[in-house]
Amino acid sequence: MLDFIDKKFTDILIEKGVLTAEQLGTATAEAARRKDPLEKVLVEMRVAPKEEIMWARAEELGKIYVDLANRKIDADIANIVSESIARRHHLICIGKMDKKVTLAMADPTDIFALDDVRLKTGLTPEPVLSYIDDIERALDGIYSSGDSKWQSLITETEEGVDIVKESEEMPDDIVVDAPIVRLADLIVTQAIQQKASDIHIEPFEREIVVRYRIDGVLRVVMNPPKAIQPALISRFKIMSNLNIAEKRIPQDGRIQVNLKRDRYDLRVSVLPCIYGESVVMRILDRKSVNVELDKLGFHPQLLEVWKKLIALPNGVLLVTGPTGSGKSTTLYATLNAINDSETKIVTVEDPVEYNITGINQVQVNPKVGLTFAMGLRSFLRQDPDVMMVGEIRDQETALIAVQSALTGHLVLSTLHTNDSVSSVTRLIDMGIEPFLLASSVQGVMAQRLVRTVCSNCKRSVKTIKAVAAKFEEYGIPGESLKLVKGEGCENCNGTGYKGRAGVHELFAMTDEMRRLVLERGLPQELKKLALDQGLRTLYHDGLLKVAQGITTLEEVLRVAVD
């Protein structure tokens with residue numbers, strides 16, 4: 001039984017000045033909602049380093065804190081306690097001396113867990129405190145066995161399977177046996193546990209490559225033999241309710257996964273390639289739909305402007321950026337912020353990624369003529385206050401969105417442009433008249449995602465004069481810089497990065513900008529006016545996050561230009 005709300009250890013943090021009463025209130029409410037330990041929520045909020053929070057918790061409990069992030073755990077010792085008990089009680093055995101075992105526990109005061117271990121092992125448990133995510137990661141390493149688990153399943157699947165020659169057609173009656181089922185399940189569960197956003201299963205001439213996109217970067221995790229390709233692809237098709245006999249055209253489906261009391265939706269795309277079918281699965285975590293605007297990493301000034309824009313009774317608000325830049329998360333967080341019993345909100349999406357209580361959501365279905373434009377047109381008869389269209393792709397959709405805004409509705413949507421100001425010229429290129437844009441568009445948010453430096457292996461970096469000068473060009477004092485880098489550890493798989501944060505650029509329409517749009521001003525003229533009026537570019541916002549020690553200059557340069 002985990003202790004979710006305990007004010008004693010938070011008093012220690014408040015006395016040290018690392019935690020405020022307001023932060024405690026927010027964290028307490030979030031911990032109760034998620035049913036997570038309060039210390040876990042505080043670590044995720046980054047109110048203080050993980051070690052400081054955990055030592056405060058240990059001080060309250062009268063226990064020792066053991067950091068498992070970089071500790072190598074003996075598998076034989078860990079297996080003294082069965083996986084079922086370890087996972088049920090969030091603990092792992094890390095030592096044994098005579099008749100005593102040392103247990104790293106998320107809650108070392110859990111007498112039920114201690115009694116369970118004592119009865120099952122016949123040994124006396126000595127509990128210490130560890131961070132719950134580190135325990136779960138260690139359990140995955142011990143009981144999933146990483147590469148050895150992959151290899152054992154691959155070996156099983158190879159037995160009795162004949163290699164299909166290049167000239168042969170893939171058989172339709174593929175037998176999907178137990179090892180293939182377990183391998184497919186393991187590919188999905190490991191991706192979720194490693195917090196991947198996408199799973200790529202790609203066929204090549206002599207092998208299959210399985211890659212995970214973690215923190216925006218693809219990583220190869222395994223290379224199954226070509227022999228199991230037909231059965232493995234068929235398994236994912238079965239899970240997605242797709243036609244396993246159809247291999248000539250692309251197919252799209254969905255998979256629902258329940259893992260550790262959490263529910264995940266997988267959006268599946270199957271594409272025929274020259275060496276077989278490629279499968280890509282986007283992992284949608286339902287918890288992320290409940291995210292709040294205040295937790296998306298917006299600069300306070302930008303967030304204040306955005307909140308004023310979404311409070312307007314009408315107009316068009318756009319979020320721009322490439323695929324995977326967090327546009328949907330920003331839109332869902334925005335809808336959550338304005339979703340109440342007095343506001344009628346309708347959305348048309350392709351696909352509906354998350355279901356939100358209180359919002360009427362429509363799934364695009366081109367086969368029956370239900371497009372973004374048709375959905376928007378129908379919305380006007382539903383008496384909405386706010387409308388959200390997943391993406392403006394063509395002139396018809398753009399025109400209806402603009403006309404809806406002019407008739408008293410707030411319209412939210414996404415657009416694919418490189419920055420915020422160029423959205424105006426993009427809409428003009430689509431055929432929307434400048435006078436309509438000047439009257440309807442209220443603001444455009446451009447955004448990208450950068451990897452954040454791993455908090456476990458974060459180290460300070462000495463600032464050189466040339467780097468400091470670059471920051472000072474943007475009004476960031478060189479002496480205020482807190483440059484850091486990750487050295488690479490087990491926690492971040494040696495990359496030095498763990499998690500992602502957004503960099504944003506918000507362009508709000510002003511009277512001067514409206515006049516320039518009406519005069520069909522050139523893109524560079526629009527950009528210059530926006531900068532003169534205080535536009536903070538993606539690059540500038542990224543530099544602010546580098547200066548705060550959130551990410552690195554290399555990461556900002558990866559997604560934005562000076």
Side-chain angles (χ1 to χ4, degrees), residues 1-71 88-92 94-95 102-117 125-138 260-261 287 290-298 300 303 452-460 482 484 491 498-499 501 548-550:
M1 184 182 300
L2 297 176
D3 187 6
F4 300 133
I5 304 174
D6 194 324
K7 296 181 179 178
K8 294 180 182 176
F9 90 94
T10 54
D11 289 342
I12 298 171
L13 294 174
I14 290 174
E15 288 170 8
K16 289 182 177 180
V18 300
L19 178 67
T20 66
E22 184 180 359
Q23 289 172 326
L24 174 58
T26 301
T28 300
E30 182 68 7
R33 184 184 69 79
R34 286 165 38 180
K35 297 184 178 178
D36 276 341
L38 181 54
E39 58 266 29
K40 173 178 168 65
V41 176
L42 289 172
V43 169
E44 292 175 354
M45 288 175 61
R46 298 181 181 176
V47 298
K50 179 182 74 174
E51 291 75 14
E52 190 166 356
I53 293 171
M54 295 307 294
W55 271 115
R57 176 73 167 136
E59 184 179 335
E60 176 212 340
L61 298 174
K63 302 292 182 183
I64 294 173
Y65 165 61
V66 175
D67 187 358
L68 299 182
N70 286 316
R71 186 185 182 108
R88 182 164 67 249
H89 297 301
H90 305 286
L91 59 85
I92 187 168
I94 59 173
T102 303
L103 302 179
M105 303 178 66
D107 180 10
T109 64
D110 187 347
I111 59 173
F112 299 107
L114 297 173
D115 286 343
D116 212 355
V117 172
E126 296 284 340
V128 297
L129 176 68
S130 288
Y131 183 52
I132 187 169
D133 282 5
D134 292 339
I135 294 172
E136 296 296 334
R137 196 175 297 110
K260 295 180 182 176
R261 294 177 298 178
K287 293 194 296 295
N290 296 317
V291 71
E292 298 174 14
L293 280 173
D294 295 352
K295 297 178 181 177
L296 292 182
F298 292 115
L303 180 59
T452 55
V453 179
C454 175
S455 59
N456 188 61
C457 60
K458 180 187 291 188
R459 298 292 181 269
S460 296
K482 298 178 181 177
V484 297
N491 193 40
K498 186 72 174 178
Q548 295 166 8
I550 296 173

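This is a predicted model, so every value here is computed, not measured. Numbers for residues simply follow the sequence, beginning at 1.
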(request) Report, as yes or no, whether the 6.0 Å neighbourhood of atom NZ on Lys482 holds more than 12 heavy atoms from other residues, nucleotides or ligands. (result) no
Roughly how far, to the nearest 0.5 Å, is [atom2] of [Y] from [atom1] of [X]?
{"X": "Lys40", "Y": "Glu30", "atom1": "NZ", "atom2": "CD", "value": "10.5 Å"}
{"X": "Leu13", "Y": "Thr20", "atom1": "CG", "atom2": "OG1", "value": "11.0 Å"}
{"X": "Lys50", "Y": "Leu42", "atom1": "NZ", "atom2": "CG", "value": "14.0 Å"}
{"X": "Glu59", "Y": "Leu129", "atom1": "CD", "atom2": "CG", "value": "12.0 Å"}
{"X": "Asp115", "Y": "Asp110", "atom1": "CG", "atom2": "CG", "value": "9.0 Å"}
{"X": "Ile132", "Y": "Asp36", "atom1": "CD1", "atom2": "CG", "value": "6.5 Å"}

Does any part of the side chain of [Y], heavy atoms only, come nearer than 4.5 Å to the side chain of [X], both counted from C-beta?
{"X": "His90", "Y": "Asp133", "result": "no"}
{"X": "Met105", "Y": "His89", "result": "no"}
{"X": "Val41", "Y": "Thr28", "result": "no"}
{"X": "Leu114", "Y": "Leu103", "result": "yes"}
{"X": "Ile92", "Y": "Leu68", "result": "yes"}
{"X": "Glu60", "Y": "Glu39", "result": "no"}

Where do [X] and [Y] come nearest, in terms of heavy atoms and distance?
{"X": "Lys498", "Y": "Thr452", "value": "O-OG1, 2.6 Å"}
{"X": "Phe9", "Y": "Ala56", "value": "CB-O, 3.6 Å"}
{"X": "Ile550", "Y": "Ala501", "value": "CG2-CB, 4.3 Å"}
{"X": "Ile64", "Y": "Trp55", "value": "CG2-CH2, 4.3 Å"}
{"X": "Tyr131", "Y": "Glu44", "value": "OH-CG, 4.2 Å"}
{"X": "Thr10", "Y": "Leu38", "value": "CG2-CD2, 3.7 Å"}

(message) Whether the side chain of Ser130 engages the backbone of Asp67 through a donor-acceptor N/O pair (distance < 3.5 Å, no angle test) should be reported.
(response) no
(message) Donor-acceptor pair, distance only, cut-off 3.5 Å: does the side chain of Glu52 make one with the backbone of Pro49?
(response) no
(message) The test is side chain to side chain contact (heavy atoms under 4.5 Å, CB included); show your working for Val66 and Thr102 and say whether it passes.
(response) CA-CA 11 Å; Val66 175; Thr102 303; over 6 Å; no
